[in-house]
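To start, the structure under review is shown below, and the notes come after it.
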Amino acid sequence: MKVKILNWHAVASWTWDAQDEACGICRMAFDGCCPDCKFPGDDCPLVWGACNHSFHLHCILKWVNSQNSQTSQPHCPMCRREWQFKA
Amino acid sequence: MSSDLGILDSLGDEAIGDILQSWSGFCACTQALVDGRGDLSVGPDLVPLVATLCRHGLASLVRDHFLHALEETFKKNAVFKFWQQLHAYYDAQTLAVSKLHSQEGWPEEILNKSLEEICSEKGYLEKCLLILIHAFQSCEESISAEKVNLEQYGSNLIYRYQLMVSSVLLTTLPRHFPEMLRFYFKKKLEQLSTLMAEDYEDGNRFQIDDQKSKSNLASGEMDVDGSNRETIFSKNTSLVKNIGAVVRDLRSLGFTSLTEDAYASAIFSLLKAKVHNLAGDDYRAPVLGSIKEWIQAVPLQFLHALLAYLGDSFDYDSMSSGLKSPLASRPSCYPGIDSPSEGLVRWQLRLEYFAYETLQDLRIGKLFEIIVDYPDSYPAIQDLKQCLEYTGQHSKLVDSFISSLRYRLLTAGASTYDILHQYMSTIKALRIIDPTGVFLEAVGEPIRDYLRGRKDTIKCIVTMLTDGPGGNPSGPGNAGDSLLEELNRDAENQESTDYDDDINSDDKQAWINAERWEPDPVEADPLKGSRNRRKIDILGMMVSIIGSKDQLVNEYRVMLAEKLLNKSDYDIDSEIRTLELLKIHFGESSMQKCEIMLNDLIDSKRTNANIKASLPQPSLSGSEQGETDISLHILDATIISSNFWPPIQAESLNIPASVDQLLCDYAKRFHEIKTPRKLLWKKNLGTVKLELQFEDRNMQFTVTPVHAAIIMQFQEQTSWTSKNLAAATGMPVDTLNRRINFWISKGILAESAGSDSDDHVFTIVDDVNNNGLIHGSSEGLLAADEEGERSVASVEEQLRKEMTVYEKFIIGMLTNFGSMTLDRIHNTLKMFCVAEPSYDKSLQQLQSFLTGLITEEKLEMRDGLYFLKK
């Protein structure tokens, strides 16, 4: 007897390949979304800084903007290093 | 008395002789007159004798004697014979009741004849009495010029005579007489109504007439007009006259009330029979109209003729003269007939009320059945509504319906779907009868209470919400449909009410609304506000069974997850539609997670297409030759955002290496496309469509990955022991034994006892002989729904998991306080567990959790108090 697979419909869950579980700013899970978003995933992506810390894009942007208005140089909220987006 | 004695003393011998002579003359004369058999010639002789006796002041004696003579004669001549005649019949009747019905002629003739005889006898005696009165009259005139009011004198005597006649008859009345009368009237009425019915049928001309009568009814007037009807009626006049004569005779004998009772009860029983006959068990047609028509056509016509024949209802007029009824003020301009007597109007009202009540009782008794076939039985419900408006016996409806619900629906044998369906029909039907919803509240309470006790209520409601027609084979086919429909309609209403609200800002509209206000019916429970009663929305009532919408939403989410995970395509149009409707009803935020789930499916479809597009197109020839290897093209994936899905039951499973390789490839490609994201496979979930290729046949199946993994192991090796197979597929032995049943039931594998007692051997069935039943069932069946096998953790399991956090709190509380009630535990948890995770469970949820702890023997409960188990 042989088994021929005609179609295999599998189920998977996606996850961000980040070291941490939750965003350091909003404390929401990375696999969830930031408080301003409705849908996780593509709509609410993660970004990594040069220091290798990751945040929700929306969260870090808010942080960076508020830093910009006060000082000239934004810092990573976790390690206080200068914030730069990882290339 | 002393003066009388004085008179006695003053009487001389001569006077005494005179008196005695006159007396004996009077007696003889009376005898002759009374027995005279129509000969009134002795009459004039009476005058001087009476005059003499009167002169001596013996007038009262004369009267008494005369009446006594009349009574004796009446008894002797008439009464005995009268009863004799009827009695002869009655004996026969007791012997053979059935004979009567064939003997058409009987009671009418005998009753008529004997009544006539007795009446003529009575009439004759009355004439005798008149002679006496005349004698009195003349002697009074001769004695004194003073006019004694003779009329009164005479009528007094006549009255005494009447009284005498009726008392004689009543004292000798046989027991069966009223029954006989009733029977007589019933028979007559039946004759009449059949006559009427014949007439009714043989002319379309009455169609117009009916129309007219309906419009008359509508305007609250009576249709005694009958300009057309009179034509029918002329045929029946003789019949009615006949009856009229009987009634008149009976009345003159003093049987007025007896007669009336008899014909009233005959009419009512006929009406009742007619209502039962018309209404019957068919709820598809309105019957009230035709009943009303019938009342107009038969009993009222009969009564009208009867009353008219009797010289128009003297007793009614006399009765009503003292008590002016509101009917009296009715305009009395009825064409065709002089004026309908008040009696007739009364009769009409009585009859209609009786008809309403009868129909109402009939319908209330069958309300359960009526509601079962609700949309079809709409006319019956309308009828019932009208009846109740007249009779106002709503409480009867509530009581009887609740008891029939208890007896027939709220039993262990009824399926939850049936109960829910009936509940929905009840809501719809009672909404028609009583738009304020007061009675619905009373009726719905027991159903809701009962449903709360059922475990699968939420699930059933959700299924009804989500599944279209035929979604659930065990439930009535259209149940789910109608709730979904309700959801749909609700959405439309919502829009229109929004619109209304805008207008409401207008003062005018507010004023109109205020004027439209109506007080609640008296039966309303004042404890419950009337505001929330106004709006009867089915979905709201369904949710109120469950308690909170969160529970419903949760259950829906689990069900949706189950459904989505078992989809082999990405077609979710109907789910999206349902979700949109639910969003309108329950608010967007509570459906957020469900929306993400659907969004995942849409995204998966897109991603899947992207991954496929990045593949090198397989050359057609390549796919033909490489049957053994499988390309990425056969693989589809549903990629979920696991945080927003209900907890998914993970099960260990080793899938075949070739497929595993495919999954790795797929994941790699996904990682390439969505760079920082990666895939985690839930290997036990999904669906697999596969084809088993035997030497002589091919069979297609749609199965779960677990089943696919099992059967694929048999490619290399035709026989496995369960232990080895379990190790190869990476699942526990008992799970394997359970799952493999699917293939055994399909006849693909055979099970035999192995060397070890609990180690079975499974072998592939390769020969064709015993595949007789296989072909029939080999079409792709989804095998996911085996006993209790689900891909998503059920709501109860989730709840249990969530509640374990509080177990420590509860144990701690009970250690401190010793014993606590359910309420107190609930409140304490609410007060103190505010930090993450805050306590947000309902009382019922807590109770079921505590019950779980009791079965685990951690707690005890006595008299509503929870203790720690020592």
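Letters A, B, ... mirror the listed sequences (proteins, then strands); counts begin at 1.
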Residues of residues 27-37 of chain A with any heavy atom under 4.5 Å of a heavy atom in chain B
A:Ala29, A:Asp31, A:Gly32, A:Cys33

Hey, which of B:Val688, B:Leu690, B:Ile640 has the most heavy atom pairs under 4.5 Å with chain A?
B:Ile640

Does the side chain of B:Phe670 reach to within under 4.5 Å of the side chain of A:Trp14, using non-hydrogen atoms?
yes

Does a side chain donor of either B:Tyr666 or B:Asn608 reach within less than 3.5 Å of an acceptor in the other side chain?
yes

How are the rings of B:His707 and B:Trp743 set to each other: parallel, tilted or perpendicular (split at 30° and 60°)?
perpendicular

For a quick check under 3.5 Å, do B:Thr729 and B:Asn654 share a side-chain donor-acceptor pair by atom type?
no

Side chain from CB out, backbone as N, CA, C, O: work out which of these in B:Ala708 comes under 4.5 Å of a heavy atom of chain A, or both, or neither.
side chain

Heavy-atom cut-off 4.5 Å, strictly under: side chain, backbone, both or neither for B:Asn643 against chain A?
side chain

Looking at B:Lys567, B:Glu716, B:Gln715, B:Lys674, which has the largest count of heavy-atom pairs under 4.5 Å with chain A?
B:Gln715

Check this for me, if you would: do A:Lys38 and B:Glu588 make a salt bridge, where the nitrogen-to-carboxylate-oxygen distance has to be below 4.0 angstrom?
yes

Donor-acceptor pair, distance only, cut-off 3.5 Å: does the side chain of B:Trp720 make one with the backbone of B:Thr763?
no

Can you tell me which of A:Ser13, A:Gly41, A:Ala10, A:Pro40 forms the most heavy-atom pairs within a distance under 4.5 Å of chain B?
A:Ser13

If you count heavy-atom pairs within less than 4.5 Å of chain B, which of A:Val3, A:Leu46, A:Asp17 leads?
A:Val3

B:Lys683/B:Asp660 salt bridge by N-O under 4.0 Å criterion:
yes

I'd like to know if A:Asp42 and B:Arg677 make a salt bridge, using a cut-off of under 4.0 Å between side-chain N and carboxylate O.
yes

I'd like to check B:Ser719 versus B:Val761 (side-chain heavy atoms, cut-off strictly below 4.5 Å). Are they in contact?
yes

Salt-bridge contact B:Glu595-B:Lys583 (side-chain N to carboxylate O under 4.0 Å)
yes

Contact leader toward chain A among B:Asp569, B:Leu635, B:Asp600, where contacts are heavy-atom pairs under 4.5 Å
B:Leu635

May I ask you to list the residues in residues 49-64 of chain A that approach chain B closer than 4.5 angstrom, counting heavy atoms only, ordered by number?
none

Part of B:Phe644 within contact of chain A (heavy atom distance under 4.5 Å)
side chain

Let me see the working for B:Glu672 and B:Ile611 under side-chain contact (heavy atoms from CB on, under 4.5 Å), right down to the final yes or no.
CA-CA 9 Å; B:Glu672 279 164 19; B:Ile611 289 174; over 6 Å; no

Are there over 12 heavy-atom neighbours, none belonging to B:Glu580, within less than 6.0 Å of that residue's CD?
yes

Regarding B:Gln693 and B:Glu691, is there a side-chain donor-to-acceptor distance under 3.5 Å anywhere?
yes

